[in-house]
Amino acid sequence: MSDKKTSHNEASIAAKVLHDPNATPTAKRLAASALAQSNSEKHTGDEEATFASKVLTDPNSSKIEKELAASVLSQAKGKHQ
């Protein structure tokens, strides 16, 4: 099980993404997941970890999507780590 939490910098980026009207739905989903784990004991669930894994391997994903996906995935427990 991961003890990693969303860092202050990652949380700041995630908050900016959520407030950006031009952010993609994928970026917003990952940002919301990352923020939910900021200052909490929550971990990424299997469904969200699978989603983040797909974003990381998708050549069409943006840099910010991949950064958020990596943050979310690093907080997953189990086989996705």
Side-chain angles (χ1 to χ4, degrees):
M1 181 178 292
S2 174
D3 290 329
K4 185 178 185 309
K5 295 180 183 176
T6 301
S7 73
H8 177 71
N9 185 52
E10 291 166 336
S12 177
I13 291 168
K16 288 177 185 174
V17 167
L18 286 175
H19 288 95
D20 181 353
N22 297 316
T24 65
T26 295
K28 288 192 177 209
R29 176 177 171 174
L30 292 165
S33 183
L35 275 180
Q37 296 168 47
S38 179
N39 296 316
S40 79
E41 297 300 318
K42 293 181 179 181
H43 296 281
T44 302
D46 288 343
E47 182 179 332
E48 203 64 12
T50 298
F51 180 75
S53 294
K54 289 178 181 176
V55 170
L56 282 174
T57 59
D58 183 347
N60 296 317
S61 294
S62 69
K63 181 180 176 182
I64 193 69
E65 288 171 336
K66 289 187 177 197
E67 184 176 339
L68 290 166
S71 176
V72 168
L73 195 56
S74 73
Q75 297 167 68
K77 54 185 177 179
K79 64 182 178 183
H80 299 284
Q81 278 189 301

Asker: If you compare all heavy atoms of Ser61 against all heavy atoms of Val55, which two are closest, and at what distance to 0.1 Å?
Answerer: OG-O, 2.8 Å
Asker: Dump the intermediate steps for side chain to side chain contact (heavy atoms under 4.5 Å, CB included) on Ser53 and Leu73, then the final yes or no.
Answerer: CA-CA 7 Å; Ser53 294; Leu73 195 56; 3.7 Å; yes
Asker: Under the side chain to side chain donor-acceptor pair (under 3.5 Å) criterion, do Gln75 and Ser71 qualify, and how do the steps go?
Answerer: CA-CA 7 Å; Gln75 297 167 68; Ser71 176; 3.3 Å; yes
Asker: Identify the heavy atoms of Glu67 and Ile13 that sit nearest to each other, and give their distance.
Answerer: OE2-CD1, 3.1 Å
Asker: How close do Val17 and Lys28 get, counting heavy atoms only, and between which atoms?
Answerer: O-CE, 3.8 Å
Asker: For the CG atom of Leu35 and the CG atom of Leu30, what is their distance to the nearest 0.5 Å?
Answerer: 11.5 Å
Asker: Can you run down the side chain to side chain donor-acceptor pair (under 3.5 Å) pairs that involve residues 12-21, sequence neighbours left out, and say none if there aren't any?
Answerer: none
Asker: What are the two closest heavy atoms between Thr44 and Val72, and how far apart are they?
Answerer: OG1-O, 2.6 Å
Asker: Out of curiosity, Thr26 OG1 to Lys54 NZ, how far, rounded to the nearest 0.5 Å?
Answerer: 11.5 Å
Asker: By salt bridge (Lys or Arg N to Asp or Glu O under 4.0 Å), which residues pair with Glu48, not counting sequence neighbours?
Answerer: Arg29
